[in-house]
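Everything below concerns the one structure shown next.
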Amino acid sequence: MKNNDEKEVQNPITKRDEDFSEWYHDVIKEAGLAEYSPVKGCMVILPHGYAIWEIIQKVLDDKFKATGVENAYFPLFIPEKFLTKEKDHVEGFAPEVAVVTHAGDKELEEKLVVRPTSETIMYDTFSRWIRSYRDLPLLINQWANVVRWEMRTRMFLRTTEFLWQEGHTVHSTQEEADERARMMLDIYRDFSENFMAIPVITGVKTESEKFAGALRTYTCETMMQDGKALQYATSHNLGDNFAKAFDITFLDENNETKHAWQTSWGLSTRSIGALIMSHSDDSGLVLPPKMAPIQVVIVPVIPKEWDKDMVMEEVKSVYDLLSDYGIRAKIDDRDFLSVGEKYYHWERKGVPLRIEIGPKDIANGKFVAVRRDNGDKNRIDFSGADESVKKLLSEIQDTLLKNAQDRIKENTIFVDNWDEFEKAIESNKFVMAHWDGTKETEDEIKEKTGATIRCVPFSVEEEKGKCVYSGKESGTRVLFAKAY
RNA sequence: CGGGGUGUGGUGUAACGGCUAACAUUCUGGUUUUGGGUACCAGCGACUCUGGGUUCGAAUCCCAGCACCCCGACCA
């Protein structure tokens, strides 16, 4: 290679520290994950982005099914009157629903709402499915798109239409329902930490932040690289609110009619936004190996034409070795690109490990493997490469999780007075502070600082103290942060 | 819906009110190269967001509209 020193090629990606928002969009664009569509607020998910979603689907689906959940599909359109049956639910969603008023040029007698979530249409059906306690628990999940006409959108984090899974369960006792809500939250936590390499803080939402119609909302909150919080997934204990609104009743062992107890829980394409914002750097996307559609890219290095067959043969055999071992590998054999261009290309796409194989490597019996997360070069024996690579991938996975954990630890602070509180929120910290438990205080803090109570974490100990804002008595600390 | 900003080839930018709207990159064809963005040749590609106005003359100045971006309110 020549002229490398003379020619400076500009990195097309904005520096993360300079403008986080622009950096985020650059990463998505350069990695080929998604683009905005002609319809404002909607998003085209490109193959590379969708491949990540497919991995999410597969992993979660398996976990759900292991707990007895079955998949089903309910319609996109919901009769408007369904939505209005549960009072809090309609108040929560009315401002953001899209309504179908016409079919062709004919006006509909009854307007149809494009689902913002499927509680209502599912529960109307559930009420006919459930007769006896022997029909319970009912455990249903669906993978679907939903539409919420938000005022402001952002790639993956908030789009007008988005993809998600929504699970809906019905139980005979409140305890069992709550247990299920907690169980699903734990599945999300496990998935987030062990697959996405994103540590989360689990807890309960406050009254004003909970889901419209829920008794109690559990949440996984996580911290992005700019320090802001993102609600990653939620699980709701719906109590018997919807059961009463939709008349979901059953006969118990004593032949008495009872209202059922329900849960719903969901994870959306927003989690891909969390994935991007958690690990990526100034060179583009960084994917944890377990979430990477391509875990290893093999770049053949062919300095002389007569080396080609030999190199490609070796490349192919490494590829086969890895594939047989269950590693998602790809050979980049495009001959119109230089190796340098290929390196940059796959870096921006977030591929965790790059393997370079050329005549020198073949002569030495070792090839080069470069980690995406820290740039480390490893020399790996051709023999036993499958295990070595697997080990490297698992190290990358662990490193990404650890980095994210350290980030949360370093940026979470305990605060007991208002000045420090304001300062901490201003610098995008997670703030653990006492709160008097009132909506008024919560609202005023939000008004003054932009911070919301992300959750009352399960992990906090009971502790007497004074509310950081009002000075009133408080029994526990809660998590405050600015959020997406 | 409030506050701010920006609209020029696919992308990123340039052009004092004045010549055929410039440069880089991408893209197409070719030659050459291949261990971190090779080099060169040729080519495609823009009624400068829309509509008015000022002017001998507008990408440039003025007015209106529209679009997009950022910051808030709303939210997964």
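In what follows, chains carry the letters A, B, and so on, assigned in the order in which the sequence lines appear, proteins first and then strands, with residues in each chain numbered from 1.
- Between B/C62 and B/A22, the two C1' atoms lie 27 Å apart (nearest whole Å).
- Rounded to whole Å, the C1' atom of B/G18 lies 25 Å from the corresponding atom of B/U50.
- Spacing of P atoms, B/C47 relative to B/U11, comes out at 12 Å, to the nearest Å.
- Remark: A/Arg354 qualifies as a cation-pi partner of A/Tyr343 under the 6.0 Å distance and 45° angle criteria applied to the six-membered ring.
- The pairing partner recorded for B/U50 is B/A64, the criterion being a Watson-Crick or G-U wobble arrangement whose two distances lie under 3.5 angstrom.
- Atom NZ of A/Lys482 is separated from atom P of B/C74 by 15 Å (rounded to the nearest Å).
- Contact annotation for A/Lys40: backbone-only contact, meaning every heavy-atom pair under 4.0 Å involves sugar-phosphate atoms and none involves a base.
- Side-chain atoms of A/Ser235 come within 3.5 Å of backbone atoms of A/Ala181 as a donor-acceptor pair (strictly under, hydrogens ignored).
- Across the protein-nucleic acid pair, A/Tyr344 atom OH and B/U25 atom P stand 16 Å apart, rounded to whole Å.
- Cation-pi geometry between A/Arg182 and A/Tyr218 is met: the NZ or CZ atom falls under 6.0 Å from the ring centre, inside 45° of the normal.
- RNA chain B is contacted by both A/Gly450 and A/Val301; A/Val301 maps to the nucleotide lying nearer its 5′ end (nearest heavy atom per residue).
- When heavy atoms are screened at a 4.0 angstrom cut-off, A/Ser268 is found touching base atoms of the nucleic acid.
- Atom C1' of nucleotide B/U11 and atom CD of A/Glu35 are separated by 12 Å, given to the nearest angstrom.
- Across all strands, A/Val368 comes closer than 4.0 Å to base atoms (heavy-atom distances).
- For A/Lys29, the side-chain atoms get nearest to B/U11 when compared with the rest of B/U11, B/G36, B/C74.
- Nucleic acid contact for A/Gln231: sugar-phosphate only, since backbone atoms but no base atoms lie under 4.0 Å from a heavy atom of the residue.
- Taking atom CD of residue A/Glu209 and atom P of nucleotide B/C75, one finds them 8 Å apart after rounding to whole Å.
- Across the P atoms, B/A14 and B/C74 are found 37 Å apart, a figure rounded to whole Å.
- A/Arg154 comes within 4.0 angstrom of the backbone, heavy atoms only, and of no base.
- Counting only heavy atoms from C-beta on, A/Glu341 has its side chain closest to B/U38 among B/U38, B/C74, B/G36.
- Counting heavy atoms of neighbouring residues, nucleotides and ligands inside a 6.0 Å radius, atom CZ of A/Arg334 exceeds 12 of them.
- Here B/A73 sits opposite no nucleotide as a Watson-Crick or G-U wobble pair (both hydrogen-bonding atom distances under 3.5 Å).
- For A/Glu442 and A/Thr206, the side-chain atoms include at least one donor-acceptor pair closer than 3.5 Å.
- Rounded to whole Å, atom P of B/G72 lies 18 Å from atom NZ of A/Lys448.
- Taking the P atom of each, B/U26 and B/A64 are spaced 42 Å apart, rounded to whole Å.
- Using a 4.0 Å heavy-atom cutoff across all strands shown, A/Leu230 reaches no nucleic acid atom at all.
- At least one side-chain nitrogen or oxygen of A/Ser21 sits closer than 4.0 Å to the OP1 or OP2 atom of B/C70.
- Distance noted for atom P between B/A42 and B/A59: 30 Å (whole Å).
- Taking the side chain of A/Tyr36 as heavy atoms from C-beta on, and the options B/G36, B/C69, B/U34, the nearest nucleotide is B/C69.
- Spacing of P atoms, B/G30 relative to B/G36, comes out at 27 Å, to the nearest Å.
- Applying the side-chain contact (heavy atoms from CB on, under 4.5 Å) test between A/Leu285 and each of A/Arg372, A/His48, A/Glu30, A/Arg348 identifies A/His48 as the sole match.
- Side-chain atoms of A/Phe64 and A/Trp265, non-hydrogen and from C-beta on, do get closer than 4.5 Å to each other.
- At a cut-off of 3.5 angstrom, counting only N and O atoms as typed in the model, there is no donor on one side facing an acceptor on the other between the side-chain of A/Glu447 and the base of B/G72.
- When distances are taken from the side chain of A/Arg148 to each of B/C68, B/C75, B/U38, the shortest belongs to B/C75.
- Residue-level contact check: A/Asp361 touches the bases, meaning some heavy atom is under 4.0 Å from a base atom.
- The side chain of A/Glu96 lies closest to B/C75, out of B/U38, B/C75, B/U34.
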If you apply the rule ring pair (Phe, Tyr, Trp, His ring centres under 6.0 Å), what do you find for A/Tyr469 with A/Phe421, and how did you get there? CA-CA 9 Å; A/Tyr469 183 76; A/Phe421 183 90; 8.6 Å; no

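- If you check B/U38, B/C74, B/U34 against the side chain of A/Ser338, the one that comes closest is B/U38.
- Atom pair A/Glu347:CD and B/G36:P shows a separation of 12 Å (rounding to whole Å applied).
- Between B/C44 and B/U25, the two C1' atoms lie 15 Å apart (nearest whole Å).
- Closest-nucleotide positions on RNA chain B for A/Ala483 and A/Arg354 were compared, and the one nearer the 5' end corresponds to A/Arg354.
- Using a 4.0 Å heavy-atom cutoff across all strands shown, A/Ser283 reaches no nucleic acid atom at all.
- For A/His25, the side-chain atoms get nearest to B/C70 when compared with the rest of B/A73, B/C70, B/U38.
- Look at CZ on A/Phe336: it is 18 Å from P on B/U34, rounded to the nearest Å.
- At a threshold of 4.0 angstrom between heavy atoms, the contacts of A/Leu157 include nucleobase atoms, whether or not backbone atoms are also involved.
- Separating the NZ atom of A/Lys304 from the P atom of B/U34 is a distance of 5 Å, rounded to the nearest angstrom.
- With a cut-off of 3.5 Å on both pairing distances, the Watson-Crick or G-U wobble partner of B/U11 is B/A24.
- Phosphate proximity of B/C74 to A/Lys446: present, with a side-chain N or O under 4.0 Å from OP1 or OP2.
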